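What you see is a predicted model, and the numbers here were worked out from it, not measured in a lab. We use all heavy atoms of the structure for the numbers below, so side chains are in, but hydrogens, waters and symmetry mates are not. Throughout, numbering of the chain's residues begins at 1 and tracks the sequence.
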Amino acid sequence: MAELLETAVFVVLALLIAGFGLASTLAKRTFHAVMFLGVVLVAVAGIYILLGSPFIGVLQILVYVGGILTLFVFAVMFVAGDEDEEAAA
């Protein structure tokens with residue numbers, strides 16, 4: 001029973017990674033693409049934890065989701081004002 005649950009969680013995480021990875025590349029707005037990337041990074045951390053490497057999973061969340069994604073969000077927020085003004089013109 002535990003193997004079936006583990007397989008189901010793996011499949012759900014894999015589908016999340018594939019689906020949100022595709023959504024991240026096809027997103028019209030940069031901010032939405034960054035948020036989709038955040039879901040992908042958290043799901044990858046879940047895969048690491050599921051495979052028996054909780055340290056790498058937590059490191060994934062701290063470094064990539066906590067640091068890199070925050071940097072991306074700030075960069076998009078600074079640049080996004082120009083995109084909205086150009087679209088309105």
Item to check | Distance (rounded to the nearest 0.5 Å) between Ile56 CD1 and Ile61 CD1 | outcome: 12.0 Å
Checklist entry - Between Leu51 and Val63, is there a shared hydrophobic cluster once you connect ILVMFWY residues whose side-chain heavy atoms come closer than 4.5 Å? => result yes
Checklist entry - Same hydrophobic cluster for Val39 and Phe10, using side-chain heavy-atom links shorter than 4.5 Å among ILVMFWY? => result yes
Item to check | CE-OG1 distance between Met77 and Thr30, expressed to the nearest 0.5 angstrom | outcome: 13.5 Å
Checklist entry - Nearest 0.5 Å, what's the OH-CG distance between Tyr64 and Leu59? => result 8.5 Å
Checklist entry - Say you draw a straight line from CD1 of Ile68 to CG of Leu41; how long is it, rounded to the nearest 0.5 Å? => result 9.5 Å
If you look only at distance, which donor and acceptor atoms sit under 3.5 Å apart when one is on a side chain in residues 11-26 and the other is two or more places apart or in another chain?
residue	atom	partner	partner atom	Å
Ser24	OG	Ala33	O	3.1
Thr25	OG1	Leu22	O	2.8

Next on the checklist: The test is side-chain contact (heavy atoms from CB on, under 4.5 Å); show your working for Val73 and Met35 and say whether it passes.
Outcome noted: CA-CA 8 Å; Val73 168; Met35 290 296 108; 3.4 Å; yes
Next on the checklist: If you define the side chain from C-beta out and look only at heavy atoms, does anything of Val40 sit under 4.5 Å from Phe36?
Outcome noted: no
Next on the checklist: Testing the basics here: between Gly57 and Ala45, what is the closest heavy-atom pair and its distance to 0.1 Å?
Outcome noted: O-CB, 3.5 Å
Checklist entry - Cluster question for you: counting only ILVMFWY and a side-chain heavy-atom cut-off of under 4.5 Å, with indirect links fine, are Val58 and Val9 together? => result no
Next on the checklist: Pair Leu69, Val34 - check side-chain contact (heavy atoms from CB on, under 4.5 Å), show working.
Outcome noted: CA-CA 7 Å; Leu69 194 67; Val34 170; 3.5 Å; yes
Checklist entry - Hey, is the main chain of Glu3 close enough, under 3.5 Å, to the side chain of Thr7 for a donor-acceptor pair? => result yes
Checklist entry - Taking the hydrophobic residues Ile, Leu, Val, Met, Phe, Trp and Tyr, and joining any pair whose side-chain heavy atoms are under 4.5 Å apart, which ones share a cluster with Leu71? => result none
